[in-house]
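Report on one structure; see the data block that follows.
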Amino acid sequence: MSYHVNEKGYYGEFGGAFIPEMLYPNVEELRQQYLKVMDEPSFKEEFNQLLKDYVGRPSPLYFAKRMSEKYGAKIYLKREDLNHTGAHKINNTIGQILMAKRLGKTRIIAETGAGQHGVATATVCALMGLECIVYMGEIDIARQAPNVARMKMLGAEVRPALSGSRTLKDATNEAIRDWINNPVNTHYIIGSAIGPHPYPDMVTRFQSVISAEIKTQLKEKEGRENPDYVVACIGGGSNAAGTFYHFLDEEEVGIIAVEAAGKGVHSGESAATSVLGHKGIIHGCKTLLMQTDDGQITEPYSISAGLDYPGVGPMHSHLYATGRAEFKAITDADAMKAGLELCKLEGIIPAIETSHALAIFENTKFKPDDIIVVALSGRGDKDLNTYIDYFGL
Ligand SMILES: *Cc1c(COP(=O)(O)O)cnc(C)c1O
């Protein structure tokens, strides 16, 4: 069984590149070049240098002592929250901006929902002096004012998506439209392990620095590279893909993927894609997707803006279908509780996305000597208002 992408861009029956003909030259250029470029010594050197000096990698692998005592297992946190801009997303945008430069592109476009990927993209565009246009739903622009301000300060233009539900999926449609109209000079930086091939694989490879570091760091701390479990939350699935990547073929490592159950998996307000989803095509990719019987995409819901994507990356659909990964769905309430608990137990305020991954300990039995590595995908500063409203702080 292979858990990696094949020549045609498929993970099992998921993936591929379902794109309008107008987009074909752009995607095809990227498909032909991405592995070659990533393999160039000068590319690797520049990527690794920036990850070290600009992002602050390697991110620590922290043994969470009090949390471990509480849950009776050895829990390690991979501290992506300590990266520049506060989450794992910068690993991918650094990789893609270098890719864009190698391909001779001078103009960058991106989509963003809550604004985290928009900020990470605006950041690397400032770093490289490239033009940056970020598409964002009109509703999200109103909801996420601080991130809109950040993007503007970093020199990006934020363009509102005015169609449909005026949220992430509509922003993505606008970005794709832009790319069709500007095929020669523009690179589209997609923010998760989604989209047409080669994006899911390219994003996964850039994020795989997470699991590469876990191996080295765990070897130092525990004398072995492989934990018993790796755990990560899933929106589109990029922090999870990076956290799982180097363990996919290590059968003794259990993989746990955590989705947002919102107000309950079957409440009608959820983003538990693996349970509720059916095969369909979204943003150029065949994957599990929340949709109505006649194939209309269902609006997802989660208290965390980063998890409410109606689909999931094709690698994760394959991990679900093959049973290689165990999928769990965590409600808003359980996530919020786990987030506050991490604050009190370890002095770390996590992003609400991450809080979903942390919440599994309440209902999952581990053995006392089990080593579990949780991807702490981001810090909670951006979620302060949600925490304040929820807990009445
Ligand atoms: C965006 C985001 C996520 C969800 O995105 P993935 O691509 O699934 O990783 C999770 N955590 C944080 C902190 C985020 O900003």
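Heavy atoms only: backbone and side chains are in, while hydrogens, waters and symmetry mates are out. All values derive from a computational prediction rather than experimental measurement.
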Self-check item: Working for side chain to side chain donor-acceptor pair (under 3.5 Å), residues Ser165 and Asp170
Solution: CA-CA 7 Å; Ser165 55; Asp170 313 290; 2.9 Å; yes

Practice problem: Kindly determine whether Ser208 and His246 satisfy side-chain contact (heavy atoms from CB on, under 4.5 Å), including the steps that lead there. | Solution: CA-CA 7 Å; Ser208 73; His246 290 287; 3.8 Å; yes

Exercise. Would you check, one step at a time, whether the test salt bridge (charged side-chain N to carboxylate O under 4.0 Å, His left out) holds for Arg102 with Glu40?
Key: CA-CA 10 Å; Arg102 293 297 194 285; Glu40 286 168 9; 3.8 Å; yes

Self-check item: From CA spacing to verdict: side-chain contact (heavy atoms from CB on, under 4.5 Å), Val374, Phe361
Solution: CA-CA 11 Å; Val374 184; Phe361 291 98; 3.7 Å; yes

Exercise. Decide side-chain contact (heavy atoms from CB on, under 4.5 Å) for Tyr320 and Thr273; before the verdict, give the C-alpha distance in whole Å, the side-chain angles of both, and the deciding distance to 0.1 Å.
Key: CA-CA 10 Å; Tyr320 178 76; Thr273 310; over 6 Å; no

Practice problem: List the steps and the verdict of side-chain contact (heavy atoms from CB on, under 4.5 Å) for Leu307 and His356. | Solution: CA-CA 10 Å; Leu307 298 186; His356 286 73; 3.5 Å; yes

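Here Lys74 pairs with Glu222 in a salt bridge; the nearest charged N to carboxylate O distance falls below 4.0 Å. Salt bridge Glu259/Lys328: absent, no basic N to carboxylate O contact under 4.0 Å. Ionic pairing of Asp81 and Arg79 is present here: one or more N-O contacts between side-chain nitrogen and carboxylate oxygen are shorter than 4.0 angstrom. We find that Glu341 and Lys70 are joined by a salt bridge, their nearest charged nitrogen and carboxylate oxygen being less than 4.0 Å apart. Looking at Glu29 and Lys105, a side-chain N of the basic residue comes within less than 4.0 Å of a carboxylate O on the acidic one, giving a salt bridge. Remark: Lys36 does not engage Asp39 in a salt bridge, criterion side-chain N to carboxylate O under 4.0 Å. The residues Arg31 and Glu28 are annotated as salt-bridged, a charged nitrogen and a carboxylate oxygen being separated by less than 4.0 angstrom. With respect to the salt-bridge test (charged N to carboxylate O, under 4.0 angstrom), the residues Arg324 and Glu251 do not qualify. With respect to the salt-bridge test (charged N to carboxylate O, under 4.0 angstrom), the residues Arg159 and Glu111 do not qualify. Between Asp228 and Arg224, at least one side-chain nitrogen of the basic residue sits less than 4.0 Å from a carboxylate oxygen of the acidic one, meeting the salt-bridge criterion. Note on Glu157 versus Lys152: no salt bridge recorded, every NZ/NE/NH1/NH2 to OD/OE distance being 4.0 Å or above.
Side-chain contact between Met336 and Ile303 is present, with heavy atoms from C-beta onward closer than 4.5 Å. Side-chain contact between Glu80 and Leu376: absent, with no pair of heavy atoms (C-beta onward) separated by less than 4.5 Å. Counting only heavy atoms from C-beta outward, the side chains of Met136 and Val148 approach each other to under 4.5 Å. Taking 4.5 Å as the limit, every side-chain heavy atom of Tyr135 sits out of range of all side-chain heavy atoms of Arg177. Between Thr322 and Met1, the closest side-chain pair of non-hydrogen atoms falls below 4.5 Å. With a 4.5 Å cut-off on side-chain heavy atoms, Ser267 and Tyr301 do not count as touching. Leu248 has its side chain within reach of Ile255: a pair of non-hydrogen atoms, C-beta onward, lies under 4.5 Å apart. Proximity of Leu358 to Leu77: side-chain heavy atoms (C-beta onward) are separated by under 4.5 Å at one or more points.
Checked by atom type and distance alone, the side chain of Thr292 pairs as donor or acceptor with a backbone atom of Gln296 at under 3.5 Å. Checked by atom type and distance alone, the side chain of Gln291 never pairs as donor or acceptor with a backbone atom of Ile281 at under 3.5 Å. For the pair Gln207 (side chain) and Asn239 (backbone), a donor-acceptor distance under 3.5 Å is absent. In this structure, Ser192 contributes its side chain and Gly237 its backbone to a donor-acceptor pair below 3.5 Å. Not a single donor-acceptor pair under 3.5 Å links the side chain of Asp178 to the backbone N or O of Ala175. Using modelled atom types, one side-chain atom of Thr287 and one backbone atom of Val312 make a donor-acceptor pair closer than 3.5 Å. A side-chain donor-acceptor contact under 3.5 Å links Thr93 to the backbone of Ile90. With Trp179 contributing its side chain and Asn26 its backbone, the two residues share no donor-acceptor pair below 3.5 Å. Panel note: side chain Ser302, backbone Ser304; a donor-acceptor pair is recorded below 3.5 Å. Counting only distance, with no hydrogens or angles, the side chain of Asn6 and the backbone of Tyr10 share a donor-acceptor pair below 3.5 Å.
With hydrogens and angles left out, the side-chain atoms of Asn91 and Arg57 include a donor and acceptor closer than 3.5 Å. If you check the side chains of Asn147 and Gln144, you find no donor sitting under 3.5 Å from an acceptor. Between the side chains of Thr354 and Ser377, at least one donor N or O lies within less than 3.5 Å of an accepting N or O. Under the 3.5 Å distance criterion, with hydrogens and angles disregarded, a donor-acceptor pair is assigned to the side chains of Ser355 and Tyr387. Neither side chain, Gln217 nor Tyr76, offers a donor N or O lying under 3.5 Å from an acceptor on the other. Side-chain atoms of Asn173 and Ser163 form no donor-acceptor pair, as typed in the model, at a separation below 3.5 Å.
Environment of CG in Asp293: sparse, with no more than 12 heavy atoms of neighbouring residues, nucleotides or ligands closer than 6.0 Å. Heavy atoms from other residues, nucleotides or ligands lying under 6.0 Å from CG of Leu82 number more than 12. Counted within 6.0 Å of NZ on Lys337, heavy atoms from surrounding residues, nucleotides or ligands total 12 or fewer; the atom is thus considered open.
In this structure, the ring of Phe206 has its center less than 6.0 angstrom from the ring center of Phe47. Aromatic ring centroids of Phe366 and Tyr229 lie under 6.0 Å apart.
There is a path of hydrophobic side-chain contacts, each under 4.5 Å, that joins Leu319 to Val230. Hydrophobic clustering, with ILVMFWY side chains joined whenever heavy atoms are under 4.5 angstrom apart, groups Tyr309 together with Tyr199. Following chains of ILVMFWY side-chain contacts shorter than 4.5 Å, one can reach Ile94 starting from Ile108, so the two form part of one hydrophobic cluster. Note on Met315 and Val275: separate hydrophobic clusters, where clusters join Ile, Leu, Val, Met, Phe, Trp and Tyr whose side-chain heavy atoms are under 4.5 Å apart, directly or indirectly. Hydrophobic clustering, with ILVMFWY side chains joined whenever heavy atoms are under 4.5 angstrom apart, groups Tyr24 together with Ile109.
Tyr11 and His318 have tilted rings, their planes meeting at an angle from 30° to 60° on a 0 to 90° scale.
Remark: His4 engages Tyr245 in a ring-ring contact (aromatic ring centres under 6.0 Å, His included) (not counting sequence neighbours).
Nearest heavy-atom pair across Ala114 and Ala305 is CB-CB, 3.3 Å. Ser270 and Ala260 make their closest contact through OG-O, 3.8 Å (heavy atoms, listed as atom of the first residue, atom of the second, distance). Between Ala329 and Ala272 the shortest heavy-atom distance is CB-CB, 4.2 Å.
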Check residues 117-130 and write down every donor-acceptor pair under 3.5 Å in which the side-chain atom is one partner and the other belongs to a residue at least two apart or another chain.
{"unit_1": "His117", "atom_1": "NE2", "unit_2": "Thr121", "atom_2": "OG1", "d": "3.4"}
{"unit_1": "His117", "atom_1": "NE2", "unit_2": "Ile189", "atom_2": "O", "d": "2.9"}
{"unit_1": "His117", "atom_1": "NE2", "unit_2": "Gly191", "atom_2": "N", "d": "3.4"}
{"unit_1": "Thr121", "atom_1": "OG1", "unit_2": "His117", "atom_2": "O", "d": "2.9"}
{"unit_1": "Thr123", "atom_1": "OG1", "unit_2": "Val119", "atom_2": "O", "d": "2.6"}

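A cation-pi contact, defined as under 6.0 Å to the ring centre and within 45° of the axis, is absent between Lys78 and Tyr62.
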